[in-house]
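Before any comments, here is the structure.
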Number of protein chains: 2
Amino acid sequence: MLRTHTCGQLRKSDVGSPVTLCGWVENKRDHGGAVFIDLRDRYGLTQVVVGPPEANAELIDAAGHVPNESVVLIRGKVADRLEGKVNAKLATGEIEVRSEHFEILSAAQTPPFTPGQSDLPGEDLRLKYRYLDLRRKEMQDALIRRSEIIKCMRDYFAEHDFIDVETPILGRSTPEGARDYLVPSRVHPGNFYALPQSPQLYKQILMVAGFDRYVQVAKCFRDEDLRADRQPEFTQLDLEMSFIDADDIMGLIDGLVAKTAKQVLGKDITLPLPRMTYEEAMRRFGSDAPDLRFGLEIVDVTSVAAKTEFRVFRGTADAGNFVRGIRVPGAATLYSRRQIDELTAYVQQDFGAKGLAWFRVEDDQTLWSPIAKNFDPEHLAEIREMLGGEPGDLLMFLADTWEVTCKGLSGLRKRLATEMKLYSPGDLNCSWVTEFPMFERDEESGRYVAMHHPFTAPLAEDLPHLVDSPEKCRAQAYDLVINGSEAGGGTIRIHDSKVQSQVFELLGMDEETAKDRFGFLLDALRFGAPPHGGIALGVDRWVMLFAGLDNIREVIAFPKTQKATDLMTQAPGEVDSAQLNELQLRTVSVKT
Amino acid sequence: MLRTHTCGQLRKSDVGSPVTLCGWVENKRDHGGAVFIDLRDRYGLTQVVVGPPEANAELIDAAGHVPNESVVLIRGKVADRLEGKVNAKLATGEIEVRSEHFEILSAAQTPPFTPGQSDLPGEDLRLKYRYLDLRRKEMQDALIRRSEIIKCMRDYFAEHDFIDVETPILGRSTPEGARDYLVPSRVHPGNFYALPQSPQLYKQILMVAGFDRYVQVAKCFRDEDLRADRQPEFTQLDLEMSFIDADDIMGLIDGLVAKTAKQVLGKDITLPLPRMTYEEAMRRFGSDAPDLRFGLEIVDVTSVAAKTEFRVFRGTADAGNFVRGIRVPGAATLYSRRQIDELTAYVQQDFGAKGLAWFRVEDDQTLWSPIAKNFDPEHLAEIREMLGGEPGDLLMFLADTWEVTCKGLSGLRKRLATEMKLYSPGDLNCSWVTEFPMFERDEESGRYVAMHHPFTAPLAEDLPHLVDSPEKCRAQAYDLVINGSEAGGGTIRIHDSKVQSQVFELLGMDEETAKDRFGFLLDALRFGAPPHGGIALGVDRWVMLFAGLDNIREVIAFPKTQKATDLMTQAPGEVDSAQLNELQLRTVSVKT
């Protein structure tokens, strides 16, 4: 080793010891004929003094001219800091190293930015010079936390007898769900591998093979247009178990959540985590990933709306649609008319709502609103009572289709909670949503599409609906929700090849296509398949939530931009025509 | 859980307990009006009895007709086996479960083969029905051992303060070394990502970023024509450290070898592992990955050959080539003339040797051979003495170029050791080979190519040779050799951008090309780069060697064939033209 200690290691008890340190020059200042250097590495910061009597004039001069961010090696003795110079904020703050030897291992040119500077440059520049950005303590902490969380997950599943199995990255394209990344084959020209969107089929095959408990931290890929929190490649904690039901998987993950929260954040989580059905989540929170860090529950007042004279409410009720609202405690003095107009524009623009009806609860418990005159006071009292409104509250309502009231009120809940600071950044709220519908209707084609994926088993009691009314069929599915984000999702799988074929058919796949794409799975289910199920947890999302961050690119060492570009290496890039010839490929301009 | 116990769990102390087991019907037999079932899962085998009085006639009949490999659930009580029916070879061999309830969870059709059958079908069929092949105990053991070895590695590096960082799979193509797998970009038509051959550049960037100690179990990819022990995607234990030298890396890996051997095999390994230079390895064993499980060391007798009358020997010496041989103890009675002729054909065909000269050491210490008459007895005595020949030994020689004597004698060593059983299958011999040449000459172009990769640092003392005679330049490189196979390799890296540019130039890369491909690395080295180095261990190879297997496909859950095909999923496959249109690609027939 070039060094005897790291820059975070030396303490008062080391005073007098000869040491060698290596690190980056974060800062330096001249003071009283000596040069003071803040020497930095991953472990901390140590003050190094190059000055008399240990250092001669030449050494002091050299130290004075070393550019910041250079890598240096320093030999010297640990000394007490002078009275009054102790830095209590620094782990090494009681000592300094008085340098007898000073050597530049790598002189730095002036970098585009330094990790110590307070004003961060734009993200593009930070991504281009990622090695500089990754020198920042925040970035190092995030990636170290990522490493700890993944270690914690792996240890947990090893303790529970899971086998870590690697599944292939070069797989078969199955053109449904998201878009695949393709990899042309040189040995079989005209044929392509696909990068996996998940190890779904392989892990089911492992269950048919009798592995019983499988786990993997798996790289997955989706060639989708990227949102702020999506990346073309992402990491999943993927697992599968045999001879279990949905309760077993949720119970297992409950334990992981508690262990991770305890180990990484020192937080105690009460188990079991709360569970609610999809139906309940949509009814009470308008979302299948409800944020339970705060209240603002949705209340359905359609029954009262139907009785009122207010045209918008009654018309909605008469058309079989819904009037639903939330009570916002104490908001009456916080939100001006202008701010409420902004909320109205928000639900109109983002969710297609027709408008936002609102009431203020007055001191005498009556409701005031520009539209209040359209209501019988008795009906208003009824509405206030249903929402539990108290003086100073605002009550807000959407009158619309089920979908628009769900989306609009869910959006409103989140916006109000953020603006009113109804939760604190350190909160960690975890819960389950279960019994999702098996199928949704694709709006364009009118076809059924699988809400999770086509391998999901229906609830046993809903199995008959597969034939008569698939839309009523609920799945043995469960999503883990953390702070209103989906942090994982899983299902019990179909282990009967006949049911699997039936589902393929419902999804509009003819027998030949099903056989071509999933023949090996249908075969496997015929040769003795155990009941099985599993879950995949979004590791990037977990780390982001557990680290209290809100940008997924801050928890990934080398992320891609929203245009799927690596700004440091300039990937993707052009390739030699010889490479394309070998693959028997041509690039062409195609209007799409 | 559907079951209360696994099929490997019940013991004599459980007798009388009610239990529920799930598993596969491995075998069944009728005996005395009852059906005996061997119920199997990953954990073991339990004997289940479906018979009176616990089971009624209907249940017994059902059990008698369940096809083998079906998955069943059984409820019953644990009972002692009858006197004389105890199976000491089975962990559950003292008990049986007397079934009261019997339920088929998944009836199996007759599979193409069963895991219990003694005659294995061909590998292609086993790969097609991988879920059946993976039910075999040998395959489950190999993959469980793989999982254990990787866990052991990860724990070791976590204990040593390494941070597990994931590097991208979608990277930039750098067309040198092996062939890249390319991934067309949809967002940037005509541009491609490449799957990484290793995380080399990313891990160096992490060192420049100050991560100090990085580790990853990384998927790597090479689109090469496959040899028996190569796969298009393979797994590396990849690591990098700052402020260290070659000794530190070797010492660290020594500890890992010892820990893995102890934990996985219960073997004690003496540390430090032996080290020899490349020069010594080639001189003594003719190989840079010498198999040290046995002797058969190479001895150079060119100095004597130059004095003899034997035309072949003297001619070789006169031409500046080499006469080198090995002593094969006790081989005189083991190898007939015909068998020696086969060895001669082997070195001629496989290594281009001109022939094989051999001598038998007689009881009186003289050498007998068809060519002995061409030698002065004094020279023969000198040769025998140089090799330490004893009565009953064979001495074998090649007279050829340095390269041919190395390759031929190395091949001969391995073949003889295998045939003569000079090592046992359980042996685990680990050592280091160091100080490889920096460059080799490409035979076709005459150009220098990097023996490890272009980021390897030369030995400090050889740095001046970079300018005057690059072929004399030795690298700070080290390969880990286990049982004559390269099980890992690493180097100390160049951390000076000027030296790096110099090496790029030596490798025939002009400045513009170097900047285009590796500009970000050259930049990074200018902004404060620590001295650093690392290593990559071949995980598939490690598992194979530690599991005592000789086919790499037996330690990979879903391997590809030598034509890079997955026979189960039929990857690679055709894709929709819509997919290619989106990528602006066409497949064409190109004569290559």
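Residue numbering restarts at 1 for every chain, and letters A, B, ... go by the order of the sequence lines. These numbers were taken from a predicted model, which means no experiment stands behind them. Only this structure's heavy atoms are used, side chains among them; waters, hydrogens and symmetry mates stay out.
Interface residue A/Tyr202: backbone and side-chain heavy atoms are both found under 4.5 Å from chain B. Neither the backbone nor the side chain of A/Gln204 comes within contact range of chain B; no heavy atom of the residue lies under 4.5 Å from a heavy atom of that chain. Looking at A/Ser497, there are no atoms closer than 4.5 Å to chain B (heavy atoms on both sides), in backbone or side chain. When heavy atoms are compared at a cutoff of 4.5 Å, A/Asp523 approaches chain B by way of both its backbone and its side chain. Heavy atoms of A/Ala107 lying under 4.5 Å from chain B belong exclusively to its backbone. Using a 4.5 Å cut-off between heavy atoms, A/Ile144 contacts chain B through both its backbone and its side chain. With a 4.5 Å cut-off on non-hydrogen atoms, A/Lys563 touches chain B through its backbone and its side chain both. Neither the backbone nor the side chain of A/Pro189 comes within less than 4.5 Å of any heavy atom in chain B. Contacts between A/Leu195 and chain B at a heavy-atom distance below 4.5 Å involve the side chain alone, from C-beta outward. Heavy atoms closer than 4.5 Å to chain B are found in both the backbone and the side chain of A/Asp161. Heavy atoms closer than 4.5 Å to chain A are found nowhere in B/Asn68, neither backbone nor side chain. Using a 4.5 Å cut-off between heavy atoms, A/Asp496 does not touch chain B at all. At a 4.5 Å heavy-atom cutoff, A/Asp133 makes no contact with chain B through either its backbone or its side chain. In this structure, chain B has no heavy atom under 4.5 Å from any part of A/Lys128. Only the side chain of A/Arg146 comes within contact range of chain B, judged by heavy atoms closer than 4.5 Å.
Taking A/Val187, A/Thr235, A/Val72, A/Val165 one by one and counting their heavy-atom pairs under 4.5 Å with chain B, the maximum is reached by A/Thr235. Taking B/Pro530, B/Ser70, B/Ala557, B/Ser185 one by one and counting their heavy-atom pairs under 4.5 Å with chain A, the maximum is reached by B/Pro530. Interface summary for chain B: among A/Ala158, A/Gly519, A/Pro531, the most heavy-atom pairs under 4.5 angstrom belong to A/Pro531. Your options are B/Leu170, B/Leu143, B/Ile205, and the one with the most heavy-atom pairs under 4.5 Å with chain A is B/Leu170. If you tally non-hydrogen atom pairs under 4.5 Å between each of B/Arg130, B/Met568, B/Glu69 and chain A, the highest count goes to B/Met568. Among B/Gln570, B/Arg154, B/Lys151, the residue with the largest count of heavy-atom pairs under 4.5 Å with chain A is B/Arg154. If you tally non-hydrogen atom pairs under 4.5 Å between each of B/Val183, B/Thr6, B/Ile169 and chain A, the highest count goes to B/Ile169. The most heavy-atom pairs under 4.5 Å with chain A, out of B/Glu574, B/Glu148, B/Glu233, come from B/Glu233. Ranking A/Leu525, A/Asp164, A/Ile556, A/Leu521 against chain B, the residue ahead of the rest is A/Asp164, based on heavy-atom pairs under 4.5 Å.
Residues B/Phe192 and A/Leu580 form a side-chain contact, since some pair of their non-hydrogen atoms from C-beta on lies under 4.5 Å apart. Residues B/Leu134 and B/Phe558 meet the side-chain proximity criterion, which asks for heavy atoms closer than 4.5 Å. Side-chain atoms of B/Ile163 and A/Arg42, non-hydrogen and from C-beta on, do get closer than 4.5 Å to each other. With a 4.5 Å cut-off on side-chain heavy atoms, A/Leu2 and A/Thr20 do not count as touching. Taking 4.5 Å as the limit, every side-chain heavy atom of B/Tyr129 sits out of range of all side-chain heavy atoms of B/Pro111.
For A/Gln231 (side chain) and A/Lys560 (main-chain N/O), a donor-acceptor pair under 3.5 Å exists by modelled atom type. Judged purely by atom type and a 3.5 angstrom limit, B/Asp248 uses its side chain to pair as donor or acceptor with the backbone of B/Asp245. With hydrogens and angles ignored, the 3.5 Å screen pairs no side-chain donor or acceptor of A/His188 with any backbone N or O of B/Ala564. The backbone N or O of A/Cys7 lies less than 3.5 Å from a partner atom in the side chain of A/Asp41, making a donor-acceptor pair. Checking side-chain atoms of B/Arg186 against main-chain N and O of A/Asp223 turns up a donor-acceptor pair under 3.5 Å. The backbone N or O of B/Trp24 sits nowhere less than 3.5 Å from a side-chain atom of B/Arg40 that would complete a donor-acceptor pair.
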*Assess whether salt bridge (Lys or Arg N to Asp or Glu O under 4.0 Å) is satisfied between B/Arg172 and B/Asp180, documenting all intermediate values.*
CA-CA 10 Å; B/Arg172 172 84 189 271; B/Asp180 284 329; over 6 Å; no
Could you list the donor-acceptor pairs under 3.5 angstrom formed between side-chain atoms of residues 206-215 of chain A and any protein atom two or more places apart in sequence or on another chain?
{"from": "A/Asp212", "atom 1": "OD1", "to": "B/Arg3", "atom 2": "NH1", "distance (Å)": "2.9"}
{"from": "A/Asp212", "atom 1": "OD1", "to": "B/Arg3", "atom 2": "NH2", "distance (Å)": "3.4"}
{"from": "A/Asp212", "atom 1": "OD2", "to": "B/Arg3", "atom 2": "NH2", "distance (Å)": "2.8"}
{"from": "A/Asp212", "atom 1": "OD2", "to": "B/Tyr43", "atom 2": "OH", "distance (Å)": "3.0"}
{"from": "A/Arg213", "atom 1": "NH1", "to": "A/His160", "atom 2": "O", "distance (Å)": "2.9"}
{"from": "A/Tyr214", "atom 1": "OH", "to": "A/Gln216", "atom 2": "NE2", "distance (Å)": "2.8"}
{"from": "A/Tyr214", "atom 1": "OH", "to": "A/Asp238", "atom 2": "OD2", "distance (Å)": "2.8"}

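To the nearest 0.5 Å, atoms OG1 (A/Thr587) and CG (B/Asn191) are separated by 9.0 Å.
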